[in-house]
J.: 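Quick one: this structure, given as C-alpha cells, is what I'll be asking you about.
Protein chains get the first letters and strands the later ones, always in sequence-line order, with residue 1 at the start of each.
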Protein chains: 2
Amino acid sequence: MSTTDRPLRRDAQRNRDLLVAAARRLYATRGLDVPLEDVAREAGVSIGTLYNRFPTRGSLVDAALASKVASAVEFAEQAVATEDSWAGFVWFLERTCELQASDRGYNDLCASQLDDAVEVTALKERGAGLLRQVIDNAKRAGELRADFDDGDFAFVLWGTTRTIEATGEHAPNAWRRHLAFMLDGFRAAAAHPLPAPPLEPDEVARAMRRLSGT
Amino acid sequence: MSTTDRPLRRDAQRNRDLLVAAARRLYATRGLDVPLEDVAREAGVSIGTLYNRFPTRGSLVDAALASKVASAVEFAEQAVATEDSWAGFVWFLERTCELQASDRGYNDLCASQLDDAVEVTALKERGAGLLRQVIDNAKRAGELRADFDDGDFAFVLWGTTRTIEATGEHAPNAWRRHLAFMLDGFRAAAAHPLPAPPLEPDEVARAMRRLSGT
DNA sequence: CCTAAACTTGAGGGCGTTCTCAAGTTGGTG
DNA sequence: CACCAACTTGAGAACGCCCTCAAGTTTAGG
C-alpha cells in the first residue's frame, strides 16, 4: 500500500493501470514467467515505460496479484469464523485451490517467494497466522489429526500447485481429487505415525525460495 | 538398447562414456535443465562432440538415466511379488521416492515426458504395467481403497517430486512425511467419496508433457 | 606407412530475454 | 504561454543458451 509520496502524472498513472491490467491477463493464462516485453506489448506501451513503473519483477507481480492474495486471506478469516472447524479447514483449502486453478500466475505465486513483492509477502504472513488458527481449531475439534503441523500445509500447496500446473488445461477438476486424497489422510481417524518431523517455518520459507529460482 | 549398427571408434566411445558420466554427475546435482555446454565442459570435450554423440537432449538423458529407471522397474517387480500387497505398495512408493530424492535429474524425469528418450519411455511403460498390478493386488487385499486408480499415482509423483525439489537440500526427509500423509489417505479405511473422476491414461501423458515444457 | 572415413573442435550465427540510456514528448504550474 | 520536471520511447548492449559447420585431427585397415 505504498501511499504515493507524490502522485503520478496523469499519463503515467494511465500507463501504470494498463500495465497492471496487461500483467493480470498474461499472468493468468501464461504464468509468472511471461517475458516482460510481452507484458509491455500487451499494454500497448514501451518496454522502457514498464521499467519506469516497475523496476523489479516482483513489483509488477505485487501490483498485479496482491488483490488475489488478499482475497485468499479473507477466505482464511471466514474459515476461522466457521463454527464447524473441520468444515472450515476443508472449505479454506478448496477456496484457495480454486483460486489457484483459475489463475496460473497466482498458482505460480503460491509455490514461490518473490522477496521484492512486498505487499504479497505481507499478506501471506497474515494468511499464515490465520491458517494456524484454522488448523488449531480443527485439531481441537478432534477431526484434524493431532500431529498435523502448520508446515504441512506446504505439502498441500506443492502438491495441488503441480497438479493444477499439469492438468489445468485438460482436466480442470483433477486437483479436487488430489486434494480429497490428502484430506482423507489428514483426518484424525486416518492417522498412522509419521516418519519425519514437521518442517520448521524457516525451512518452508527456504524451500519456497528454492522453487522461485527454477 | 540401440545395438550399435557399427561400433564407435575407440576415441568416440571414450568421449561418449565421459559425456554420460558428466551428465550423470551434473543432472544429479543440478537437474535436467543444466546447459549442454556445461556437460561438455565437465566431460572435458567440446560442445560439438556432445552433439555428435547425442543429437537431441533426450538421447543424452536416455543414456544417463535409463539405468535408474530400470532399477525403479525392478522395484516394481519385487513389489508385485510381495505377499503382503499393501506393504508392497508402500514399499514401492518409498523406494521410488528415495531414488528421486537421491538424484535431482531423476526427480525431474519423473514428472516429465521426453519423447526422444526412447529407452526411458519404454521402461516407464513397463513400470506402468507393473504398477497396475501392485495397485490391483493391494486393492484386492482390501487395504488400498477401492476407488484408487492407476492415474492417481500421478498425484503421488507430482506431489513428492515438488516436495523433494523444494526441500531436498535442507530437509532431505521431508518427502517421507508428505508421502505418509498421502498413504494414510489411500487406505480403504480412510476413504470418503471422491469429488472427481480419475485421470485417463492419455490425460496423464498430456499432463506430463505439459510439465516438460516449463 | 598411407589413406579414407570417422571423429573433434570451437568460432560463430541465431534466438529470446533482460535492462539501460540519450533523445524526444507531455503534463502541470506559475 | 512558457518552461521544467516528469515521463515515454525504442534501439541496442549484454547475456546465456542452442546448434552448425568448415577445417583440422585421429583411427582403423589395407
J.: Can you pull the ring-ring contact (aromatic ring centres under 6.0 Å, His included) pairs that have at least one residue in residues 97-128 of chain A, sequence neighbours excluded?
T.: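 Qualifying pairs: none.
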J.: Please tell me whether A:Phe148 and A:Phe155 form a close aromatic pair, meaning their ring centres lie under 6.0 Å apart.
T.: no
J.: For B:Glu169, enumerate each residue passing the side chain to side chain donor-acceptor pair (under 3.5 Å) test, keeping only those at least two apart in sequence or located in another chain.
T.: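 Per chain and number, B:Glu169 pairs via side chain to side chain donor-acceptor pair (under 3.5 Å) with no residue.
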J.: Round to a whole Å and report the spacing from CG of B:Leu26 to P of D:dC17.
T.: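 Result: 12 Å.
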J.: When rounded to the nearest 0.5 angstrom, what is the spacing between CG in B:Asn107 and OG1 in B:Thr161?
T.: 4.5 Å
J.: Roughly how many Å is it from CG in B:Asp116 to P in D:dC18, rounded to a whole number?
T.: 14 Å
J.: Would you indicate, yes or no, if D:dC7 has its OP1 or OP2 atom less than 4.0 angstrom from a side-chain nitrogen or oxygen of A:Asn15?
T.: no
J.: All N/O contacts under 3.5 Å from nucleotides 19-22 of chain C to the protein, with atom names and distances to one decimal?
T.:
{"unit_1": "C:dC19", "atom_1": "OP2", "unit_2": "A:Tyr51", "atom_2": "OH", "d": "3.2"}

J.: Could you check how far CZ of B:Arg53 sits from C1' of C:dT9, rounded to whole Å?
T.: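 Checked: the CZ to C1' distance equals 13 Å.
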J.: Just checking B:Arg57: does its CZ atom have more than 12 heavy atoms from other residues, nucleotides or ligands closer to it than 6.0 angstrom?
T.: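 It does: B:Arg57 CZ has more than 12 such atoms within range.
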J.: Parallel, tilted or perpendicular: which one describes the rings of A:Phe186 and B:Phe181, with boundaries at 30° and 60°?
T.: perpendicular
J.: Over how many whole Å does the gap from A:Leu60 atom CG to C:dT17 atom P extend?
T.: 16 Å
J.: Looking at every strand, decide which applies to A:Arg14 at a 4.0 Å heavy-atom threshold: base, sugar-phosphate, or nothing.
T.: nothing
J.: Can you measure A:Arg6 atom CZ to D:dC7 atom C1' for me and round it to whole angstrom units?
T.: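 After rounding, the gap between these two atoms is 17 Å.
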J.: Restricting both atoms to N or O, compile the protein contacts to nucleotides 23-27 of chain D shorter than 3.5 Å, with distance only.
T.:
{"unit_1": "D:dT26", "atom_1": "O2", "unit_2": "B:Arg9", "atom_2": "NH1", "d": "3.0"}
{"unit_1": "D:dT26", "atom_1": "O2", "unit_2": "B:Arg9", "atom_2": "NH2", "d": "3.1"}
{"unit_1": "D:dT27", "atom_1": "O4'", "unit_2": "B:Arg9", "atom_2": "NE", "d": "3.4"}

J.: For A:Asp38, give me all partners under side chain to side chain donor-acceptor pair (under 3.5 Å), at least two apart in sequence or on another chain.
T.: A:Arg30, A:Arg41
J.: Would you say A:Thr49 places a side-chain N or O within less than 4.0 Å of OP1 or OP2 belonging to D:dT9?
T.: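 Answer is yes, contact under 4.0 Å.
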J.: By nearest nucleotide on DNA chain D, pick out whichever of A:Leu50 and B:Val34 is the more 5' one.
T.: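 Final value for this comparison: A:Leu50.
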J.: Identify all side-chain donor-acceptor contacts of residues 63-73 of chain A below 3.5 Å with residues at least two apart in sequence or on another chain.
T.:
{"unit_1": "A:Lys68", "atom_1": "NZ", "unit_2": "A:Asp103", "atom_2": "OD2", "d": "3.4"}
{"unit_1": "A:Ser71", "atom_1": "OG", "unit_2": "A:Lys68", "atom_2": "O", "d": "2.8"}

J.: Counting only side-chain heavy atoms from C-beta out, which of C:dT8, C:dT9, D:dC7 sits nearest to A:Ala12?
T.: D:dC7
J.: Within this structure, what is the CD-to-P distance between A:Gln13 and D:dT8, rounded to whole angstrom?
T.: 11 Å
J.: Rounded to whole Å, how long is the line connecting atom CG of B:Leu8 with atom C1' of D:dA28?
T.: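 Computing the B:Leu8:CG to D:dA28:C1' distance gives 14 Å.
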J.: Base, sugar-phosphate or nothing for A:Arg41? Non-hydrogen atoms, less than 4.0 Å.
T.: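 It contacts nothing in the nucleic acid.
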J.: So which atom in B:Arg177 and which in A:Asp147 form the shortest heavy-atom distance, rounded to 0.1 Å?
T.: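 Distance-wise, the nearest heavy atoms are NH2-O, 2.8 Å.
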